[in-house]
Undergrad: 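Quick one: this structure, given as structure tokens, is what I'll be asking you about.
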Amino acid sequence: MFGSIILRRLGAVIPTLLIASLVVFMLVQMIPGDPAITIAGESATPEQLQAIRQSLGLNDSLPVQFWNWLTNLVHGDLGRSLINGEPVRSALMRTTGVTLTIVATAMLIALVIGLAAGIVAALHANGLVDRAVTALVSLGVAMPGFWIGLILVIVFALGLGWFPATGGMSFFADPVTALQHAVLPGLAMGIVGAAEIARQTRGAMIQAMSADSVRTHRAKGLSERAIVWRALKNCSVPILTIAGLQLNSYLGATVVIEAVFAIPGLGGLILNATLQKDYPIIQGVVLVMALIVITVNLLVDIAYRIVDPRIR
Amino acid sequence: MVDLLDTRGVSVQFTMSGKRVLRAVDDISIELQPGKTLGIIGESGSGKSTLGRAIIGLAPVHTGEIHLDGTRIDTLSSRQRRRIASQIQMIFQDPMEALDPRLSVSASIAEPLIVRGGLSRREIQRRVDELLDLTGLSPRQGSRRPHELSGGQRQRVNIARALTLDPRILICDEAVSALDVSIQADILNLLVDIQEQRGLAYLFISHDIGVVARVCDRIGVMYLGQLVEYGDTADVIGKPLHPYTEALLSAEPQALPSRLRTTERIVLSGELPSPLHPPEGCRFRTRCRYATEICSTPPPAVQPGSPGHSAVCHFARELELVGAKHANSTQASPRQRG
Amino acid sequence: MSKLSTMADAHAPTSTSTVPLLEVTDLGVYFVRDGEESRAVENVSFSMTEGEIVGLVGESGSGKSVTGLALLGLLPEKSSRVTGTARIAGTDLLAAEPAQLRRLRGNEISMIFQDSLTALDPVFPIGNQISETIRTHREVSRSAAKKQATDLLESVGIPEPSKRYRDYPHQLSGGMRQRVMIAIALACEPRLLIADEPTTALDVTIQAQILDLIRDISKDHGTAVMFISHDLGVVSELCSRVMTMYAGEIVEMSAVDDVLERPLHPYTSGLIQAIPSTNPVRRRLQSVPGRVPSPDELPAGCLFEPRCSFAEDACRAVHPPLRDYPADRLVRCIRADDLNLTGAVLPTEAVESGGQRG
Amino acid sequence: ACGGGSSSNEGASASTSYGKPTPGGDLTVAFSASPTSLDPISGGSGLDHSSLYPIYSRLVNFTPDLQAKPGLAKSWEYPDPLTLVLTLQPNVKFQDGTAMDAAAVKFNIDRARTLPTSTVKTNLATVASVDATSPDTVTIHLTEPDTSLPLIFADRAGMMVSPTAVQSEGADFASHPVGAGPYKFVSFAPGDSLVLTKNTDYWEPGKPYLDNLTIKYIANGQTANNALVDKQIDFVNGVSPQLVASLKAKPGIVANSSSSVSMNGCYFNFRKPPFNELKARQAIAYALDNGALNKALNFGQGGEAATQLFPSSYWAYNKDLKYPYKHDVKKAKQLWSEAGMDGVTVQAIGYNAPGQQRKLEIIQSELKEAGITMTVDIKDVSAANQEMYVDGGPATLYCSGWSGRPDPNDTFTSLTSPKSFYNPGGFAAPNVEELIAAGKKESDTAARAKAYQPLAKLVQDYVIWLPINFNPLIVAYQSKVKGYVPDLYGKPDVSFLWITK
Amino acid sequence: MTDKVTNKVRTPDTTVTQTPRQRRWLRLLLADKVSLVAAVVIVLIILAAILAPLLAPYSPSDQDLNSILSGPSGAHLLGTDDLGRDLLSRLIYGARVSLEASVIAVGVGLLIGVPVGLAAGYFGRWIDAILMRIVDTLLAFPALVLAIGVGAALGRGLVQAMIAVGIVFAPILARLVRGQVLTLRKRLFIEVATTYGTSTGRMIRRHVIPNVMRPVIVQATFLLAIGLLAEASLSFLGLGVQPPTASWGTMLQSSFQFITVAPSQIFAPGIAIAITVLSFNLLGDFLNDVLDPNTPLRPRRKRRRA
Ligand SMILES: Nc1ncnc2c1ncn2[C@@H]1O[C@H](COP(=O)(O)OP(=O)(O)OP(=O)(O)O)[C@@H](O)[C@H]1O
Ligand SMILES: Nc1ncnc2c1ncn2[C@@H]1O[C@H](COP(=O)(O)OP(=O)(O)OP(=O)(O)O)[C@@H](O)[C@H]1O
Ligand SMILES: [Mg+2]
Ligand SMILES: [Mg+2]
Ligand code: NI
């Protein structure tokens with residue numbers, strides 16, 4: 001049942017990635033600045049710059065550069081960082097896990113807080129509890145992630161000492177430490193996400209709880225708790241959709257959050273690379289991020305079909 | 001004589017997922033004269049709406065032809081179609097859905113005139129007021145939006161809009177099904193009045209035999225995309241030729257005291273077969289109580305009964321089927337059935 | 001003929017006894033909106049005996065569904081207020097604790113809803129939805145509940161029930177879904193079944209099947225059925241007694257035949273007249289002009305008075321009570337005695353067969 | 001000049017007061033930027049050095065006030081102005097066991113001179129050839145007198161890499177660096193961390209003290225500060241001055257501020273108005289209050305208002321030179337008018353790094369006082385550099401800075417030579433090239449300092465480059481960390497720190 | 001025609017009381033306290049932005065290096081920043097920039113996203129396929145990364161940065177509009193309009209656009225809020241406005257550097273952003289109700305969320 005979806009999606013992935021990398025390539029070319037200047041630094045001379053450009057292949061025409069990049073890609077070679085020569089693949093390998101860890105933590109936190117708040121608000125719709133929850137949650141949306149992040153650091157790391165203030169690592173390297181490090185950045189991103197999810201959950205739950213099928217469940221004599229679970233399954237599609245869409249903003253937010261927490265992840269990598277015009281790294285990160293997004297979208301799609309039999 | 005509208009062997013097909021083909025309308029030929037009403041009845045999914053939509057150009061005609069005044073219209077381009085748009089109009093089952101929720105009632109009614117062009121603002125306004133009045137809506141209601149009206153009022157707006165272009169043919173697709181009986185009666189009366197005034201021809205689609213019997217001159221009975229019986233109302237209702245028509249008539253609940261309820265109700269067994277895989281041979285045979293061997297092999301041909309009355313059944317001439325029971329007609333004696 | 005009779009049966013079929021199963025007195029339902037109360041149902045009293053099928057008819061918005069929902073305690077808690085009593089087997093449904101009510105619902109008293117597509121939970125297999133009802137009220141194992149659910153599916157006429165068990169509502173036709181609804185309602189063999197327009201969305205041929213099913217159930221189990229419909233035709237075929245509702249009140253209550261022969265209330269008469277029959281005579285239909293008044297703007301006197309062609313000054317003055325009328329009939333009209341209203345039978349004929357009422 | 005009293009190097013004598021070093025322990029330090037390359041002659045950033053020192057020993061070291069002292073080269077001499085002879089420490093080995101001998105030095109110098117992408121080529125432009133005259137002696141032949149070489153060898157060009165490693169690793173050398181320094185390379189994650197471990201065969205007896213050294217790269221100063229307070233790191237370099245006060249207040253944390261040659265200052269685009277006019281440049285010089293700027297930029301935490309290209313404690317500083325452009329708004333206005341620039345808007349460019357924008361805003365505000373309108377365009381550093389030096393974009397003023405060099409020649413050449421990359425428009429002040437060359441002829445420090453005196457005046461007279469202030473070097477560390485010795489270069493060497501138990 | 005008369009015997013309209021459309025939203029607003037507060041806050045902020053020169057006690061760029069990072073005082077109600085500038089004045093002027101920023105971003109997003117979504121949804125087939133492939137690609141980019149890329153490419157500056165953010169918004173809006181149009185196309189009233197010959201242009205103008213605008217407007221108010229936050233984030237990364245212009249984002253960014261020294265710095269811009277975003281969101285919820293033609297005049301207590 002899921003095989004065909006996966007195949008269909010995979011078919012769409014390759015053109016998407018190609019367009020994505022082309023777009024990035026063009027985009028990066030438009031960014032002013034020259035990696036040779038970064039490399040040469042304070043000892044730059046025109047000859048020096050020329051030599052560096054030559055050695056990095058930056059003197060080739062754009063289509064040639066893109067073509068070279070593509071052909072190497074086909075051979076599994078993502079190139080090397082222009083700045084420090086690190087193979088892009090190894091840069092991605094060491095950062096992807098870290099970012100995935102905090103992004104996954106953020107999603108988890110967002111889902112747990114968001115669902116709980118949304119359900120509570122929906123069950124007390126328009127009551128005091130609802131208003132309180134809604135207001136709190138809206139505040140979450142209204143604060144920039146790095147702002148929340150910093151406050152979390154000051155309170156929970158520097159103040160209470162519960163979590164480390166900086167750093168991060170991949171879950172697969174050391175699960176316990178990784179999670180300790182992931183909690184605060186996860187919260188910083190997740191609170192914003194939780195607000196969205198709570199909003200969506202509240203709306204969907206109110207609708208689901210007023211559905212005719214809930215009335216049937218009541219007429220059957222089911223307990224309220226059982227009914228809430230059933231309603232939740234009914235409104236899982238919009239919630240999943242939102243959660244899936246959020247992944248994108250989490251990946252974007254890592255750029256900022258990783259700076260606040262000094263986390264060696266994809267966000268920091270691409271931020272630096274953008275500032276230094278390190279094309280191969282930018283290309284690589286975008287490719288990985290796009291892949292993550294596409295994979296998660298696929299998972300969401302599959303989840304749709306599991307939770308809602310009406311879809312296809 | 002050239003009919004106002006006629007369809008000749010019209011079929012409509014939908015291609016479903018997995019390349020399966022659904023023949024929603026299968027080889028249907030009907031004709032319509034000015035001032036007359038043709039009723040189409042049949043169960044849900046039998047293709048009634050699709051037939052109507054094919055005629056008005058909303059569903060693609062796969063085979064067959066549709067003629068208006070003897071001119072073929074099913075092959076017209078959308079540009080040419082616009083030119084004859086004013087001739088045929090349609091009223092739909094769901095009066096709310098058929099109205100743009102953002103337009104006021106007057107704006108909705110004026111829309112066809114604006115689209116056709118050639119009228120000044122004032123002329124349009126006058127025409128709209130006229131129609132509001134005709135359909136029993138107050139000018140005040142003209143400035144409302146659809147959601148501010150009751151179901152009956154909404155259906156009036158739909159009727160008004162369908163009439164703005166002075167069509168010669170009005171297709172009423174379940175125009176009263178969603179309404180309460182009392183409002184239903186209002187709207188039916190309105191439709192009858194308008195027909196009398198303007199000499200319109202109606203294609204009246206409904207699943208309610210009572211309604212169809214009441215307003216139609218002729219009736220076509222559809223089953224799984226086919227026209228299984230076709231004839232004058234009195235003939236079809238009184239002396240049905242097709243077992244399906246008989247079943248429909250008998251299943252129609254009768255608001256009658258028990259002493260007058262004399263005929264036995266025929267309860268069809270089983271569900272309507274999937275239109276994707278209609279039964280071989282006679283399509284009704286799976287639910288037909290008279291079905292025999294021969295019903296399952298060659299599809300039956302059209303069997304004429306009295307003039308202008310025909311049915312698609314091997315036994316159309318042999319079976320003595322029971323028609324409708326009327327409180328006021330002389331009672332048919334209860335028959336024994338095998 | 002009924003497959004239901006093969007099932008283990010707690011309630012032995014009984015002949016219609018005179019001991020009421022359900023006794024509703026002075027039921028009132030009020031909706032609260034922005035602090036204002038509006039009346040949806042008021043002064044509704046009736047009783048039902050075992051095995052009896054009672055019809056409840058009326059136009060859209062007249063309060064039929066609200067009456068049914070009130071009995072099951074399914075009205076929104078916050079925005080509604082219910083008054084009166086409704087006793088079933090000694091328990092007042094309207095005063096019951098939530099837990100007590102839950103034990104009754106689906107068990108002693110259950111309900112079938114009109115739109116089976118929305119009334120069934122779209123994301124659970126139909127079999128589940130039946131068996132969970134059983135498991136809620138009976139201490140049975142998962143597999144036993146499943147077995148019972150499969151049997152129920154079969155008994156309501158769904159072919160190959162064990163295959164269908166895993167199907168989702170959207171995979172079934174309208175008629176099948178409605179039968180699943182019925183199976184859910186019958187899962188615990190309730191004593192009272194409230195059927196809220198269970199056939200409105202269905203084709204006549206399918207409707208006929210469902211009506212047969214309900215009739216059989218009532219007969220075989222002695223289940224009392226309150227059949228809500230706006231279609232007098234359906235009611236007349238199924239029910240022995242009919243109550244007509246108008247603007248939240250019962251305006252007439254009689255045996256079905258009596259009402260059809262000679263309705264006592266002008267509204268009932270209007271409803272009957274508006275039904276187009278298969279009589280192939282093209283003539284205008286009678287209609288009841290106007291609409292059911294909104295609960296916020298009720299007239300002071302008779303609620304039907306603004307639409308009534310027989311209204312007199314007296315009708316505007318007082319709100320008429322529901323009063324007794326010969327032959328066990330009740331009517332809410334002060335002119336019921338003077339009016340000779342038309343029913344489903346032409347007056348001529350009615351006169352001819354006048355004495356046959358029973 | 002306002003303010004500008006030389007700050008005492010409190011750390012210079014501190015090493016003795018720390019007591020006896022204790023070996024053992026691991027240390028984590030944080031620097032603000034990841035090295036552009038771990039191959040010393042491939043990187044270009046002034047922030048790389050601190051990461052390179054632990055891996056690579058240099059031919060020459062310098063004292064805290066930037067005088068040359070022996071390193072891998074035990075001694076050196078100029079037998080004639082065109083020959084430099086280095087005598088090496090005997091028996092030194094690279095971390096891979098390769099001998100760090102004369103042949104290795106020749107290999108290194110030749111590599112630095114010839115590799116196309118070498119960033120130290122210009123520094124070694126005067127080298128004609130290199131001979132390994134004996135295992136311990138290297139003879140360098142010059143094309144012209146160049147006494148700046150010893151200090152050049154105290155910088156990147158003197159960081160000796162293992163020839164075997166270079167030959168075997170090729171392009172990958174930067175990922176597997178091998179030097180003769182106190183720590184061996186373990187792993188490097190650019191932008192994240194550099195992990196090093198003790199080189200047990202290090203040539204200086206008893207050193208280093210630490211078992212492992214980890215360098216974290218934390219760009220955001222606030223974040224680094226958090227990490228220090230949270231004890232995730234032990235030592236942080238380049239603390240923002242505004243944080244010093246709060247850090248000092250924290251028990252267990254030491255903050256140290258010292259002078260450095262790294263400075264803020266402005267580059268002019270000499271190609272076009274307004275700054276092709278001397279008076280316009282002078283107007284800017286008058287308009288800026290270097291003392292106030294220094295104080296504001298550093299929040300009163302040290303630093304020094306600049307009058308020349310070197311801080312007053314540096315040996316090449318011209319003590320006899322008075323600063324002519326004492327803050328004077330009136331004069332600035334007048335000169336700006338005289339230059340005919342009334343109504344002309346100065347388009348300044350800057351790069352986005354902590355403090356840069358703030359600096360520009362203060363400059364903007366000071367110029368405004370003098371009636372000079374300045375717009376600011378802030379870009380990434382490479383984009384800004386490109387616009388200013390390569391493309392010649394609209395910007396005419398670039399108030400960034402100069403991170404300083406151990407040898408004054410390098411600074412003078414880069415900032416004043418008409419041939420320099422950093423001289424947009426190639427402005428040639430009278431005799432500037434001769435004056436630069438003169439400094440390279442003397443080998444004695446005092447003589448060199450004297451030789452550069454006219455050049456310092458020339459820079460002031462023509463406002464070839466406008467110095468603003470010298471940045472303090474601020475480090476902070478856990479009090480258990482000992483052995484920190486600040487130097488004027490401003491790029492701390494963490495190799496020989498130790499930890500008290 | 002006596003029959004016709006009976007047809008017109010209508011009982012009094014009990015459905016809804018007539019309201020002029022233009023005052024409908026006002027009455028709804030007055031009845032909904034929360035939305036009212038949100039609307040008032042937004043109006044106040046807009047006024048503050050417009051009247052900044054009149055309201056601000058100081059010039060936003062006047063420095064006083066002798067009193068930097070000072071706390072609230074009589075002279076400076078909110079204190080001063082790291083260059084001794086009056087925080088209140090910068091906050092007021094910053095409103096201008098920040099609002100402008102989010103309006104530009106949303107404007108660009110609408111300008112690109114809505115037509116693309118309309119075209120893809122209405123014309124379908126290959127137009128849809130091509131447009132949606134591009135949109136999907138853009139959506140697969142992490143938003144902030146795309147913004148940084150586009151922003152860097154367009155050059156540093158508020159307008160550039162916000163155009164970049166707008167380009168990030170465009171695919172979101174395009175998808176939204178497309179989805180709406182797709183469902184709308186299947187709606188009966190659109191089909192009905194074709195039966196009297198409505199042309200494509202008129203169909204889109206008269207029926208499609210008005211009916212897709214509600215979710216678009218609601219989404220736009222949410223995006224306004226996100227735009228505000230994006231400005232802050234881009235400024236945090238140094239891609240926002242050029243000095244000495246004040247925006248809430250740059251203020252927040254600079255306060256970040258002084259968090260341990262002068263923590264109070266963070267509150268003024270932080271709270272300003274939070275309140276504005278909150279108000280936009282609440283207003284979005286409100287508009288969702290108001291623009292729904294089916295909302296009864298008496299507002300439901302239940303606030304529906306998009
Ligand atoms: N656009 C379509 N695509 C695919 N199948 C369609 C489409 N429209 C109608 N059908 C199918 O064609 C058949 C006939 O449908 P149609 O709506 O004409 O039935 P109907 O007789 O009007 O039924 P009802 O009484 O429920 O309105 C049904 O099986 C329906 O599912
Ligand atoms: N949850 C509710 N809140 C407020 N008013 C309600 C609610 N449910 C029903 N009503 C009102 O109560 C009245 C009776 O409604 P009810 O649903 O019982 O009518 P009905 O007779 O079942 O009509 P229909 O034939 O349309 O089902 C109507 O005016 C309706 O608007
Ligand atoms: Mg239909
Ligand atoms: Mg109802
Ligand atoms: Ni939303």
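Per chain, numbering begins at 1; letters A, B, ... match sequence-line order.
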Undergrad: Between E111(B) and chain E, with a heavy-atom cut-off of 4.5 Å, which part of the residue counts as in contact: side chain, backbone, both or neither?
TA: both
Undergrad: Considering non-hydrogen atoms only, spot the tightest contact between D94(B) and L188(E) and give its length.
TA: O-CD2, 4.2 Å
Undergrad: Where on T198(E) is there a heavy atom nearer than 4.5 Å to chain B: the side chain, the backbone, both, or neither?
TA: both
Undergrad: Which atoms of R53(B) are under 4.5 Å from chain E, going by heavy atoms: the side chain, the backbone, both sets, or neither?
TA: side chain
Undergrad: Take Y196(E) and V115(B) through the side-chain contact (heavy atoms from CB on, under 4.5 Å) test and state the conclusion after the steps.
TA: CA-CA 8 Å; Y196(E) 49 74; V115(B) 166; 4.1 Å; yes
Undergrad: Could you give me the CA-CA distance, side-chain angles and deciding distance for M90(B) and V192(E), then say whether side-chain contact (heavy atoms from CB on, under 4.5 Å) is met?
TA: CA-CA 8 Å; M90(B) 185 156 171; V192(E) 170; over 6 Å; no
Undergrad: Give me the atom names and distance for the closest heavy-atom approach of L103(B) to H207(E).
TA: CD1-CE1, 3.7 Å
Undergrad: Quick check: are there more than 12 heavy atoms from other residues, nucleotides or ligands sitting under 6.0 Å from NE2 of H67(B)?
TA: yes
Undergrad: Identify the residues of residues 161-176 of chain B whose heavy atoms come closer than 4.5 Å to a heavy atom of chain E, ordered by number, or report 'none'.
TA: R161(B), L165(B)
Undergrad: Between R206(E) and A107(B), which heavy-atom pair has the shortest distance, and what is it?
TA: NH2-CB, 3.7 Å
Undergrad: Could you tell me whether the side chain of S108(B) reaches within less than 4.5 Å of the side chain of F189(E), counting heavy atoms only?
TA: no
Undergrad: Side chain, backbone, both or neither: which part of I194(B) has a non-hydrogen atom closer than 4.5 Å to chain E?
TA: neither
Undergrad: What pairs with R187(E) under salt bridge (charged side-chain N to carboxylate O under 4.0 Å, His left out), at least two apart in sequence or on another chain?
TA: E97(B)
Undergrad: Just how far is it from atom OG1 of T195(E) to atom CG of L58(B), taken to the nearest 0.5 Å?
TA: 6.5 Å
Undergrad: Within a reach of under 6.0 Å around CZ of R122(B), are more than 12 heavy atoms found that belong to other residues, nucleotides or ligands?
TA: no
Undergrad: Please report the shortest heavy-atom distance between R82(B) and T200(E), naming the atom on each side.
TA: NH2-N, 4.4 Å
Undergrad: Could you tell me which non-hydrogen atom of G197(E) sits nearest to which non-hydrogen atom of A85(B), and how far apart they are?
TA: N-CB, 4.0 Å
